[in-house]
Protein chains: 2
Amino acid sequence: MTRSAANENASPWLPAEDREKARDQKMEAVQDMALTLFIEQGYHHVTMNEVAERLNVTKPALYNYFRSKEDILYSCWMSGHERLQQRISAELGAGGSGLSRLRRLVRVYAETMTTTYGKSLVLLDERDMDDMNRRTILARKRDLDGVFRALIAEGVADGSIRPTDPRMTAFAIAGALNWIGHWHRADGPMTPEEIGEDFALRLTAGLEGKAPIVSE
Amino acid sequence: MTRSAANENASPWLPAEDREKARDQKMEAVQDMALTLFIEQGYHHVTMNEVAERLNVTKPALYNYFRSKEDILYSCWMSGHERLQQRISAELGAGGSGLSRLRRLVRVYAETMTTTYGKSLVLLDERDMDDMNRRTILARKRDLDGVFRALIAEGVADGSIRPTDPRMTAFAIAGALNWIGHWHRADGPMTPEEIGEDFALRLTAGLEGKAPIVSE
DNA sequence: TATGGATATTACCCATGGGTAATCAAAAGT
DNA sequence: ACTTTTGATTACCCATGGGTAATATCCATA
């Protein structure tokens, strides 16, 4: 009542925008809640009923915003990827040696992995999606792997990283980073920035120098 | 026919043993087949019907060997853990510096991660199990983490590993190792031994020396 | 105050798949 | 030869949970 009174004489075009914005916000709320539950309990243990209940609506209401449960899953992954990609692009824009760029990639990747959307990249399973969506996810995962390998190769080429196999190096680094999604808890002892800083150095500490790694 | 002829005059007590052995083999066959499918498709996409079909039996036959689908899942994880634990114990029996023992742990862990049972430790989800089994799994995972941390702390204490936080170091190393379960394919370019050797050096390359890692 | 579009609810459908009951066949024990 | 045990089959049950149809409500607009 107070709300309608405040808007009583407002332009009649504004509410239309508001309604659209409200719709987007609701869609996002559905996605956020679903993702939180997916991460907590695992996709298959979360029911559409539970997602709805937690949002104080009933199940069919959700289908105003997503066509299916799988559609939400796919959206979650894609949103996570978009956010990560955004931060990577912003971070890698500036130049520097291959090693220093790799360090920045590791830092921002690690930080992102501590967020719910970052974790979605690791904790949601593309096998729960249909063929088309799964193919998209796999392509993006390959791209991400390519970024690591390219940066490592770049560092080897410019001499900032000792000669090493980009494929295995990328696997090792990406593995350590992705694992963050499994062990990180929001109430843990380190902030995302501290984790990022730690990993940025830790995961590249063995890459400096000129000589290749060999068994002694 | 040839088979029965060969055993015609054998002791009547032997078949009893044979039957027990046959039973164990069948139980193992069920577990192996289920695990293979779990790894390939994900637990929730594998039906008991499919497991049975692939073994040329019908679904109820499986329930002669396991009480439930979840029981198979738990058994798979535990078998994987047992095999890993076995190899770790055998490997860490001999002495050496903390660093060299950590290297041996990494090597044997990486090798194990390329096997179906090794992958089960990472690709099967304890959230699909009931409370009791889940608690057991989580306890064993904590133990495993403890082995890494203890070895790292040992190396720092004896001077073979530069001062570093055992917790984060263990997370980084275990992450890289566990990730093998996600990317490894049996038809890949490297043998398990080569992967083990590579990782043993790669994941410990940054740990040598005396000075702690600091941002330059 | 009437209209229509958007959004929510109630009540329902139904495919899926884990698990079981009744039964049967074959081998083991006596 | 007979009975019992083991292990497999056929046929079925039924809880779960994603998704939908019909309907109601709200609200801006005319």
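Letters A, B, ... mirror the listed sequences (proteins, then strands); counts begin at 1.
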Validation row: B:Ile173, B:Leu102 side chains within 4.5 angstrom (heavy atoms):
yes
Under 4.0 Å between a side-chain N/O of B:Tyr65 and OP1 or OP2 of D:dT6, yes or no?
no
Between CE of B:Met27 and P of D:dA8 the distance, given in whole Å, is 14 Å
In whole Å, what is the span from the CG atom of A:Asn49 to the P atom of C:dC12?
16 Å
Could you check whether A:Lys69 makes a cation-pi contact with A:Tyr74, meaning its NZ or CZ is under 6.0 Å from the centre of the six-membered ring and within 45° of the ring axis?
no
Could you check how far OH of A:Tyr63 sits from P of C:dT10, rounded to whole Å?
17 Å
Can the positive tip of B:Arg167 be found less than 6.0 Å from the middle of the six-membered ring of B:Phe148, inside 45° of the ring normal?
no
Using whole Å, report how far CG of A:Leu62 lies from C1' of C:dT7.
12 Å
Regarding the side chain of B:Thr47, the nearest nucleotide among C:dT20, C:dG17, D:dT9 is C:dG17
Under 4.0 Å between a side-chain N/O of B:Thr58 and OP1 or OP2 of D:dT9, yes or no?
yes
Less than 4.5 Å apart, any side-chain heavy atom of A:Asn178 and any of B:His182?
no
Candidates C:dT9, D:dG19, C:dG18 - which lies nearest the side chain of A:Pro60
C:dT9
OP1 or OP2 of C:dA8 under 4.0 Å from side-chain N/O of A:Asn64:
yes
NA contact type, A:Lys26, heavy-atom cut-off 4.0 Å: base, sugar-phosphate, or nothing?
sugar-phosphate
From the candidates D:dG19, D:dA8, C:dT9, the one with an atom nearest any side-chain atom of B:Ala61 is D:dA8
Round to the nearest Å and state the distance from A:Leu37 atom CG to D:dG18 atom C1'.
16 Å
Atom CE of A:Met48 and atom C1' of D:dT16 are separated, to the nearest Å, by 15 Å
Can a side chain N or O of B:Arg23 be found less than 4.0 Å away from OP1 or OP2 on D:dG7?
yes
Using a 4.0 Å heavy-atom cut-off across all strands, classify A:Val46 as base, sugar-phosphate, or nothing.
sugar-phosphate
Taking CG from A:Asp128 and P from D:dG18, how many angstroms apart are they, rounded to a whole number?
12 Å
Can you check whether any acceptor in the base of C:dG18 is under 3.5 Å from a donor in the side chain of B:Lys59, or vice versa?
yes
Can you tell me how far P of D:dG18 sits from CG of A:Asp71, to the nearest Å?
14 Å
For residues B:Leu73 and B:Leu35, determine if any side-chain heavy atom of one lies less than 4.5 Å from a side-chain heavy atom of the other.
no
